[in-house]
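Scope of the values below: all heavy atoms of this structure, side chains included, with no hydrogens, waters or symmetry mates.
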There are 2 protein chains.
Amino acid sequence: METYFAVLSQFIHFSPESKEAFAAAIKRLELPKGYVLVKEDTICNYLYFVESGLTRTYYFKDGKDITDWISPENSFACSIVSFITRKPDRRIIELLEPSVLYAISYEKLEELYSLFHEIERLGRLLVSSGMVQMQQKFDDQHFETAARRYQTLMKTNPSLLLRVPLGMIASFLGITQETLSRIRSQV
Amino acid sequence: METYFAVLSQFIHFSPESKEAFAAAIKRLELPKGYVLVKEDTICNYLYFVESGLTRTYYFKDGKDITDWISPENSFACSIVSFITRKPDRRIIELLEPSVLYAISYEKLEELYSLFHEIERLGRLLVSSGMVQMQQKFDDQHFETAARRYQTLMKTNPSLLLRVPLGMIASFLGITQETLSRIRSQV
DNA sequence: GGAAGCTTTTGACATTAATCAAAAAATCAA
DNA sequence: TTGATTTTTTGATTAATGTCAAAAGCTTCC
């Protein structure tokens, strides 16, 4: 739990009260590899912080499995659109490794937002930071060749390549597994 | 200004004090077509609301002009990453039509965030809504053919096709102008 | 009204990446 | 270890899109 608060404290300063309330609101989960956090076409009701392990968010499009996001330790996992809009989404979240997570429910978070201005701020800053990451991901793909996408990922997130199967990396980059395999062999 | 508050009021309820403070913080701008709101490689210091008119956010990549976002009336225009991170960005914002805008500076907005919990909430909700839009845009392009991207845009935003030159639409969709022209002729 | 400057279309061709199929390699469990 | 399963690589072919070049169509503004 301390690492979670260390991450959050980069965004805001907790008052003793807000920290206690937040700590009381989160649930610790220790789950095996393959566990499904969010099922297909359901509403995502929790925001997850990955203390250790690895999660994958993916969906099926025309029968194909497309990886949307990968969350390693010290980052968040959530079916964002569903969590925000309160609507079911096709995105599934599964664990690629046995993981320790902290979960906070949508309702609890809303309650904390209302009770504590600084937690409302935390929420704003977390979403803002997510926005920056998402824009980065978009730019990395827009008008980029398959090879350059792979090179960018190698630079920014080399550890993922060791922990995540190639097919998942490929769809994350918006290319096929075969193309990615060929790119790798040409280095 | 009333339409601006009407849009904002979909997210929060203003207290008389916060509404007055917000109203005092925004500046009305009436600017001609072609005017550049944010220059290349500068920090974006304002969040713009488009009351009437049309803005385009774009950047140069390998010498090519790539349209990143288009904001019609009743929406926001901002070089988001720069505004959030306070760093210069390659993104340029220009007016595609003579426009009436309301601008609020980063500093003023931060001040209002600190003074009014409900404006902090407004900020969180606006960024959240931007996040949903961005995800939608990403999904519309990920593993989609040029033709389907165009069809999706026609469905969701047909008016843009009448107001924005084809080349700008094409790069917005992540395809070349020639390809888009050929797609259009095949309908 | 017409020349100048944009924007859009069309054509020929090159390139990239997808698809389909199968083999090779790696991983996992009994 | 060994067989079963999954993952990755390789090959042949096809389809989609980009590039370069030029023509055609629109604006606009003296």
By the 4.0 Å heavy-atom rule, please label A/I175 as base, sugar-phosphate, or nothing. sugar-phosphate

Residues within residues 52-73 of chain B bordering DNA chain D, heavy-atom distance below 4.0 Å: B/K64

Spacing between A/L166 atom CG and C/dA26 atom P, to the nearest angstrom: 13 Å

So does A/E94 get a backbone contact from the side chain of A/T55, meaning a donor-acceptor N/O pair under 3.5 Å? no

Round to the nearest Å and state the distance from A/Q186 atom CD to C/dA17 atom C1'. 12 Å

Are the aromatic ring centres of B/F83 and B/Y106 under 6.0 angstrom apart? yes

Could you give the CG-to-P distance, from B/L162 to C/dT8, as a whole number of Å? 12 Å

Closer to the 5' end of DNA chain D via nearest nucleotide, is it B/G174 or B/K33? B/G174

Nearest-0.5 Å distance, OG1 of residue A/T179 to CD of residue A/Q177: 10.0 Å

Taking 4.0 Å as the cut-off, does a side-chain nitrogen or oxygen of B/T179 come that near to OP1 or OP2 on D/dG18? yes

Rounded to 10°, the angle between the first-five-pair and last-five-pair axes of the helix from C/dG1-D/dC30 to C/dA30-D/dT1 is 50°

Distance check: side-chain N/O of A/R182 vs OP1/OP2 of D/dT10, anything under 4.0 Å? no

Within 6.0 angstrom of A/Y4 OH, more than 12 heavy atoms from elsewhere: yes

In whole angstrom, what separates A/R163's CZ from C/dT27's C1'? 18 Å

Please pick, from D/dT8, C/dT9, D/dT10, the nucleotide with the shortest atom-to-atom distance to any side-chain atom of A/S185. D/dT10

Between atom CZ in B/F143 and atom C1' in C/dA18, what is the gap in whole Å? 10 Å

Just N and O in the side chain of A/T176: are any of them under 4.0 Å from OP1 or OP2 of C/dA18? yes

Output the rounded distance in Å from CD1 (B/I183) to C1' (D/dG18). 12 Å

Does this structure show an ion pair linking A/E97 with A/K33, if we count only N-O contacts that are shorter than 4.0 Å? no

Please confirm whether the ring centroid of A/F5 lies under 6.0 Å from the ring centroid of A/F14. yes

For the atom pair OH (A/Y150) and CD1 (A/I175), what is the distance rounded to the nearest 0.5 Å? 9.5 Å

Quick check against the 3.5 Å criterion: does A/E107 have a side-chain atom that pairs as donor or acceptor with the backbone of A/N45? no

Would you check, one step at a time, whether the test salt bridge (charged side-chain N to carboxylate O under 4.0 Å, His left out) holds for B/D41 with B/K87? CA-CA 9 Å; B/D41 296 323; B/K87 288 182 190 154; over 6 Å; no

Ion pair check, B/D89 and B/K39, cut-off under 4.0 Å: no

Expressed as a whole number of angstroms, how long is the span from A/Y150:OH to D/dT8:C1'? 12 Å

Without decimals, in angstroms, what is the distance between A/E178 CD and D/dA12 P? 15 Å

Could you pick out which residue, A/Q177 or B/L180, lies toward the 5' side of DNA chain D when each is mapped onto its nearest nucleotide? A/Q177

